[in-house]
Number of protein chains: 2
Amino acid sequence: MAIRPAEQLIHKAAWLYYAHGLRQDEVANLLKISRASVAMYLRKARETGIVNISTSTQLFTDDVMAREVEDAFKLDAVWIAPENAYVADPSTDIAVLAASVFLELVKKGDRIGVAWGRTVYTIADIMSYADLQDVTVVQLCGNLGAPYSYRPDQCTMEIARRLNARGLNFYAPLVLSTEALAQGLRAEPVIRDQLAGISDCDLALYSVGAVDADSHLVKCGALTPAEMEALRKEGAAGVIAGQIIDASGEALDCSYNRRVISAELASLRAIGKRLMVVQEDTKFEPLLAAIAGGLCTHLVIGAHMAERLLQQAGAASKKAS
Amino acid sequence: MAIRPAEQLIHKAAWLYYAHGLRQDEVANLLKISRASVAMYLRKARETGIVNISTSTQLFTDDVMAREVEDAFKLDAVWIAPENAYVADPSTDIAVLAASVFLELVKKGDRIGVAWGRTVYTIADIMSYADLQDVTVVQLCGNLGAPYSYRPDQCTMEIARRLNARGLNFYAPLVLSTEALAQGLRAEPVIRDQLAGISDCDLALYSVGAVDADSHLVKCGALTPAEMEALRKEGAAGVIAGQIIDASGEALDCSYNRRVISAELASLRAIGKRLMVVQEDTKFEPLLAAIAGGLCTHLVIGAHMAERLLQQAGAASKKAS
DNA sequence: CACGGCTCTCGACAAAAGTCAAATCAGGAA
DNA sequence: TTCCTGATTTGACTTTTGTCGAGAGCCGTG
């Protein structure tokens, strides 16, 4: 990013206003510009992440329920968005929380893996800007050809843009028509390197998909509704980074999975912090599968989903005893 | 800190306002309280660090001069406060910058060593609040009996308070009247443990003192002006955490140093990030000594001091060639 | 049970910040 | 040079926010 003459001014204005606590008109006088300009600069400063306004997400982890979920499923940290109220759209609430949590987890110099989906894109879309240095955002799975508004590469790039980070895209389709072609492509140096680099990530951000006709895999034409239904009968429980997993969180042994170009589940598990965000209550089974497979260490969910998880955990422990 | 009933409300208000971007009256409606209360809550939220507003300190490192100082003295990072203008009091400017830098360097779970002095106390005083978890602030040196407004323990506790962290004080005088007593006290388990724990710190914050009659050591009665003058003749170049160092940054071999209860210089050097802040231009020699002794990796200074450092470096390299 | 003393809350006003159309400026093309 | 284009800046206006004193609720005490 070239140093535009205004950049310096924006920074100074932000510094005087936010760090020194001067009023806008005082800043305007010092910098010899009009107050209106100062107001404009400050907006830009916020938009570009020169100033960071973050609210502690404590409240959502402090919750008793969050602790219970943590303990029941052996997760590192759980955030629960209260669904009872306040905001019009409850799923937005989860995304806003997820964005805050995500920004709290990211550190300078980190390498971040990002998958794709409506949830991830929503998070990217509402996430505030930050001025992280030396951050790399890598795409965890191949692209879907479909002209969707939240394609894997778009999720990656949008998040990279917000963080002022490098974005590394995956120049391969998510799913190919033959296993041989997929194998060949995975062996391609460019692709191979990127796949190998995934386990070096410090942080992963993804959601889990449902195995039904609403899945993006179906909507984007990677699978027909009938195929999806067939996979479900074979034991498919969820979709992670474009791959089908079974109830134990392992990749399902099926033709589709063998034709996919995406991060190995083992690589994902090698990532220190795996942040999973689930908005829809219908994704209960997929989430259980993902947790069972050790695919998430940090979890952001709504209150309703948390309740169901605890019920499940209660039932399981009762059965065990 | 007990969970007061309002705490929850403050948090919710802050969340809706800052994270969701609602207006104060919207928040007031949702929470069924008056807008005035919302405004009050939000102020409290800022004061307690529930929301964090931080400005990137990029600008001050991006500076060409800062890079030159970094290279010339092999420091990890240097921030230079422009002295030309803007704010009434230039030394405040350095402290504000230092506080921002400090907050940027602190991470969750860190252990932080804090020394004492006017500079450190000024920083503590203007530092904004933060809600760090699991942070411990330890005092690097013994206390001065003098009823000074910035005693070592006050610096430590104030910073701990601002960060919402634990504060570990040093229950010993900085300097004793005999070497034997000092040795005995250092061997005391309480003191010994604390001294031993200093090298485990992740971050240290201190300034360097001048060897003159204005020094706190003199003002607080630890040394007479005459003794100070004598020490200077013996090669004293600066004061770090209550100890006298020579021009090479090593502890001066003198009775005073042997009577001091403070962090060993070796322990200080074992700390990963050593943030030194120097406000006064007169502390040029002491700063050089501290740098020579490897007592700082991160440095916050004013523009004028930076110029002098670069001159010095230029002269030294010319002499060497 | 009434009484301070306390904190929390509210309404109204004053101050500050956000916004927008019009004016200005810089830089390039004719 | 002059004119045009697009971005930046400004003054005037509107909306939003901060603040203050008054009042309401709460609790322990006499």
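Bear in mind the structure is a predicted one, so any value in this text is a computation, not a measurement. Just so it is clear: chains get the letters A, B, ... in the order the sequence lines come, proteins before strands, and each one is counted from 1.
Partners of Glu26(B) by side-chain contact (heavy atoms from CB on, under 4.5 Å), not counting sequence neighbours, listed by chain and number: Leu22(B), Arg23(B). Partners of Ser54(A) according to the side-chain contact (heavy atoms from CB on, under 4.5 Å) rule, which considers only residues two or more places apart in sequence or in another chain, are Asn52(B).
For dA17(C), neither phosphate oxygen OP1 nor OP2 lies less than 4.0 angstrom from any side-chain nitrogen or oxygen of Arg46(A). In terms of phosphate contacts, Tyr41(A) brings a side-chain nitrogen or oxygen within less than 4.0 Å of OP1 or OP2 of dT9(D).
Note: CD (Glu26(B)) to P (dT16(D)) measures 8 Å, nearest angstrom. Lys44(A) places its NZ atom 10 Å from the P atom of dA7(D), with the value rounded to the nearest Å.
Ser34(A) and Ser37(A) are linked by a side-chain donor-acceptor pair at a separation below 3.5 angstrom, with hydrogens and angles left out of the test.
A salt bridge links Lys108(A) with Glu104(B): the distance from a Lys NZ or Arg NE/NH1/NH2 to an Asp or Glu carboxylate oxygen falls below 4.0 Å. A salt bridge between Lys283(A) and Glu280(A) is present, with a side-chain N of the basic residue lying under 4.0 Å from a carboxylate O of the acidic one.
Both Ala39(A) and Arg23(A) sit near DNA chain C, but only Arg23(A) has its closest nucleotide nearer the 5' end.
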Identify all pairs in which a protein N or O lies below 3.5 Å from an N or O of nucleotides 10-13 of chain C, and state each distance.
{"unit_1": "dC10(C)", "atom_1": "OP2", "unit_2": "Ser34(B)", "atom_2": "N", "d": "2.7"}
{"unit_1": "dC10(C)", "atom_1": "OP2", "unit_2": "Ser34(B)", "atom_2": "OG", "d": "3.1"}
{"unit_1": "dC10(C)", "atom_1": "OP2", "unit_2": "Ser37(B)", "atom_2": "OG", "d": "3.2"}

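His11(A) contributes atom NE2, which lies 11.0 Å from atom CG of Leu16(A) (distance to the nearest 0.5 angstrom).
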